[in-house]
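See below for the structure under consideration.
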There are 2 protein chains.
Amino acid sequence: MSTNSLLQRILQEHDRMGPAEQRLGDFVKAHPGKVIHMSMARLSQECDVSDPTVMRFCRRFGFEGYQDFKLNLAQSLVPSAPFAYEQIVPGDSIESIVRKTARNSLNAIQRALEDLLPQQIEEGAKLLQEASWIGIYATGISEVTAIDAEHKFQRLGMRCAAVIGRKKQWLHAEASRPNEVALIFSQSGHTKQMIELAIAARSGGARVVSITAADSPLARVSDVLIAVTPYDRTELLTPLASRLNHHLVINMLVTSIAVTSGSEFPDQLPALDSWQTDKI
Amino acid sequence: MSTNSLLQRILQEHDRMGPAEQRLGDFVKAHPGKVIHMSMARLSQECDVSDPTVMRFCRRFGFEGYQDFKLNLAQSLVPSAPFAYEQIVPGDSIESIVRKTARNSLNAIQRALEDLLPQQIEEGAKLLQEASWIGIYATGISEVTAIDAEHKFQRLGMRCAAVIGRKKQWLHAEASRPNEVALIFSQSGHTKQMIELAIAARSGGARVVSITAADSPLARVSDVLIAVTPYDRTELLTPLASRLNHHLVINMLVTSIAVTSGSEFPDQLPALDSWQTDKI
DNA sequence: ACAGAAAAGTAGTTTTACTATTTCCCGATC
DNA sequence: GATCGGGAAATAGTAAAACTACTTTTCTGT
C-alpha cells in the first residue's frame, strides 16, 4: 500500500547516505520510541554525530526540521499502524484482553484492505446478482458467517439459503442447476467437504463463488475466487480476526449488489431492523 | 478506558478547569492538527493565555510538558485523520466500496477500544461463567450475533442456547430460574421485546447481562451492562460496523472466561475447527 | 468584608532547534 | 605527487523555544 511507514523509508534510503547519517538511521530504526523523546543534541551525541547532520538527515526525507520529523515518526509508530499480532496469554488482565482483541481485529482489517482485490468482489457480486438462487455453504464456526450472509442477501430480496450440515449440503449441492450459485466460505480452502461440494455444484451447472485462501484446492475448483489471505500459524490463534474478513467481504458484496441494482441508500438496507421491532 | 483518546480526556476534564484552560481546551479540540505544529508561544497567544498556563494545561493530563503533550496529541489523531464515517453513495466504484467498508469498520473498532469498560466485561464474564445455563436473546440482524455467541460459548463447554423468535423467547424467559443468565444483544436498548424478556428472566431469578447502549431502558433492567455506544444518526447507516462491536464483545467475553478458567491457550479455543473437518 | 486558596500572569533562565561558515576527507586531474 | 574540487561533516553562533520561580489577580467561603 502507498502508506509507507517512515521507518521503511529510512531503510530504503540507507545506502544513499554517508556513514554519519547511516549511524543515525540505524539508531532511529533501533529505538524509534526513544528518539521521539530525545532532543536533537542528545540524539546527535548518542550517534557520535553533530547536530546539523541530524538536521540534514531529517530534511532528506522531506521534513522541515527535526521537530517535524519527530512528529511524523511518532505518528508512524502508533500501535495500530503496521503492527504485529499480539498473542493473548493466560496471565493477561481483562484490560489487556480487551485491548489485544480490538487491536488484533484492527490489524486483520488493515491487512484485508491491502490484500483484497476489488475486481474479485465485482465478479462475485455480478454472479450472485444474476443467480436465480444462492446456496451458502460453510462448516464449523464459519457457519455463522453463512447465516450472516443469508440474512443480508435476503434483505436485498434475493433468493438464498444458508445450508448447514453435511447431509443437507450434499442434497442441495447435488440438486444444483444452471443459473444457481454456490457461495462457499472456507478459511483454509483445504476442507474436503467444501471442495467436493464445489465440484458437485458445478457438475449440476451451477457457478461456484468461493471466499477462501488463494492457491488453495477450493480456489482451483471455483468459478470466482475472492481471495482472503489466511493467517499464518501464530495468527491462526485469533478467533475473531480470521473470520472478520469474511464478514467484511459479505458486506462489500451486499453493498456492491445494492449499488449496481440502483438502490438509493446502499448502505442503509441492512439496517432496517428498526422497522420491524417495537421500540419504547 | 485508559487508552482514551486525548481529545476525549480534554472534553471530560473541561468542567474541572478554569476559564483560561478551557479556552485552551476548546482550541485544541477544534484544531488539533494545527496545534501539533505550533509553538507554545503561538498557541498561548492564539488563546489569549500566558504560556505557563499552557504548561499547566499539559501537566494536568499527566504529561511532562508541552512537547510531550504535542507528541501524544499527534499520535492520538493519526488513525483516520477525521474520524468521519464515509458514506457509500450510488455512484461509488467497487474499489471505493471496498475501501469505505474497511475503513468504516476500522473506525468502529477504534471507537469501541476507546469506549469499552473492561470492568463491565469482567463482571459479565464472571456471571456467565457461574451460570448453569445461558439463554442468548436477540432480534433482527442481531440474531446472527446471538448464534455466534452460542457457537463460541459451546466451544468452552458451556451450556447455552441462542433463542430466536418471539414465542420461543417468551417460553424460555418465563421459565428462567436462579443460576441462569440471560444474555441479551440489542443495538439501541429500546426494543420492547428485549426489555420485557429481561424483566421476565429476572422475575424468575435469573441474572441479565446486556450488551447494549448505556442509559437505555434495557440497560436499566439489567444486572450487568456491557455498554456499547451506538452510532448517531449518520452512522446508523453502516450495517456491519454497528454489529461488529457486539462480535468484539463476545470475543472478549469468551477469551476472558477461557483465561480465568485456566486454559493454557485462551485464544486458541475457538479455532479448533480443524479437528473436526477432513483436510486434503 | 476579609482571609485564604486557586488561577493566571510577569519576568527571567536554560535549553533547543536551526543557520552560516569552516574544516576535513577523498578521488580525479594536470 | 601535489593540487584542485566537491561532498560530508563539524564548529560556532543566534534567535526562539520550553520551562521555572515568583507575583498578582480572582474567586470562595465564613
Side-chain angles (χ1 to χ4, degrees), chain A residues 6 9-77, chain B residues 6 9-77:
Chain A
L6 181 49
R9 287 177 59 199
I10 293 175
L11 192 65
Q12 286 172 1
E13 201 81 352
H14 190 272
D15 293 335
R16 277 185 285 275
M17 300 191 293
E21 293 189 52
Q22 283 190 3
R23 282 202 302 278
L24 270 172
D26 292 342
F27 186 86
V28 173
K29 259 191 335 183
H31 316 284
K34 268 187 176 175
V35 172
I36 59 172
H37 291 109
M38 283 200 228
S39 73
M40 219 167 97
R42 272 188 49 83
L43 176 62
S44 61
Q45 190 186 341
E46 192 85 35
C47 300
D48 269 319
V49 152
S50 70
D51 60 40
T53 303
V54 177
M55 199 69 228
R56 281 187 287 268
F57 177 81
C58 298
R59 295 227 218 271
R60 172 187 291 273
F61 297 100
F63 299 107
E64 286 197 21
Y66 183 60
Q67 297 267 45
D68 196 25
F69 173 81
K70 267 194 350 186
L71 229 60
N72 277 69
L73 181 61
Q75 291 192 327
S76 79
L77 286 183
Chain B
L6 186 46
R9 286 178 58 200
I10 293 174
L11 192 66
Q12 285 173 0
E13 200 82 351
H14 191 273
D15 294 334
R16 276 186 286 274
M17 300 190 293
E21 294 189 52
Q22 283 190 4
R23 282 202 302 278
L24 271 171
D26 292 341
F27 187 86
V28 174
K29 257 191 335 183
H31 316 284
K34 270 186 175 177
V35 172
I36 60 172
H37 292 108
M38 283 200 227
S39 72
M40 219 167 98
R42 272 189 50 83
L43 177 62
S44 61
Q45 190 185 340
E46 193 84 35
C47 301
D48 269 319
V49 152
S50 70
D51 60 44
T53 303
V54 176
M55 198 68 226
R56 282 186 283 265
F57 177 81
C58 297
R59 294 225 219 269
R60 171 187 290 273
F61 297 102
F63 299 106
E64 287 197 19
Y66 182 60
Q67 298 267 45
D68 196 25
F69 172 81
K70 267 195 347 189
L71 230 60
N72 277 69
L73 181 62
Q75 290 191 327
S76 80
L77 21 116

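What you see is a predicted model, and the numbers here were worked out from it, not measured in a lab. Chain A is the first sequence line, chain B the second, and so forth, proteins listed ahead of strands; every chain is numbered from 1.
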**Prompt:** Is a side-chain N or O of B:Q75 found less than 3.5 angstrom from the main chain of A:Q75, in a donor-acceptor match?
**Reply:**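 Pair absent, no side-chain N/O of B:Q75 close to backbone of A:Q75.
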**Item:** Polar side-chain atom of A:R23 near backbone of A:V49 as donor-acceptor pair, under 3.5 Å
**Value:**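 A pair under 3.5 Å: no.
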**Prompt:** Rounded to the Å, how far apart are A:K70 NZ and D:dA18 C1'?
**Reply:** 11 Å
**Prompt:** Would you say the ring centroid of B:F57 lies under 6.0 angstrom from that of B:Y66?
**Reply:**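 They do not qualify: ring centres at least 6.0 Å apart.
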**Selection: residues 51-64 of chain A, any non-hydrogen atom under 4.0 Å of DNA chain D** = A:P52, A:T53, A:R56
**Asked** Using a heavy-atom distance cut-off of less than 4.0 Å, which residues of residues 31-45 of chain A contact DNA chain D?
**Response** none
**Item:** B:F61 side, atom CZ; B:L73 side, atom CG - distance, nearest 0.5 Å
**Value:** 10.5 Å
**Message:** How long is the straight-line distance from CG of B:D26 back to CG of B:L24, given to the nearest 0.5 Å?
**Reply:** 9.0 Å
**Request:** Identify the 5'-most and 3'-most nucleotides of DNA chain C with at least one atom closer than 4.0 Å to a non-hydrogen atom of chain B.
**Result:**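 Result: C:dA8 to C:dT10.
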**Smallest separation among heavy atoms of B:G65 and B:C58, with atom names** = O-CB, 3.8 Å
**Message:** Please list all pairs meeting salt bridge (Lys or Arg N to Asp or Glu O under 4.0 Å) that have one or both residues in residues 57-77 of chain B, counting only residues at least two apart or in different chains.
**Reply:**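 Matches after skipping sequence neighbours: B:E13-B:R60, B:E21-B:R60.
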Side chains of residues 32-46 of chain A: which donor-acceptor partners sit under 3.5 Å, not counting sequence neighbours?
residue : atom : partner : partner atom : Å
A:H37   : ND1  : A:G33   : O            : 3.4
A:S39   : OG   : A:A41   : N            : 3.4
A:S39   : OG   : A:R42   : N            : 3.2
A:S44   : OG   : A:M40   : O            : 3.2
A:S44   : OG   : A:A41   : O            : 2.7

**Those residues of residues 19-28 of chain B lying under 4.0 Å from DNA chain C by at least one heavy atom** = B:P19, B:A20, B:E21
**Prompt:** How is A:D48 classified with respect to the nucleic acid when contacts are heavy atoms under 4.0 Å: base, sugar-phosphate, or nothing?
**Reply:** sugar-phosphate
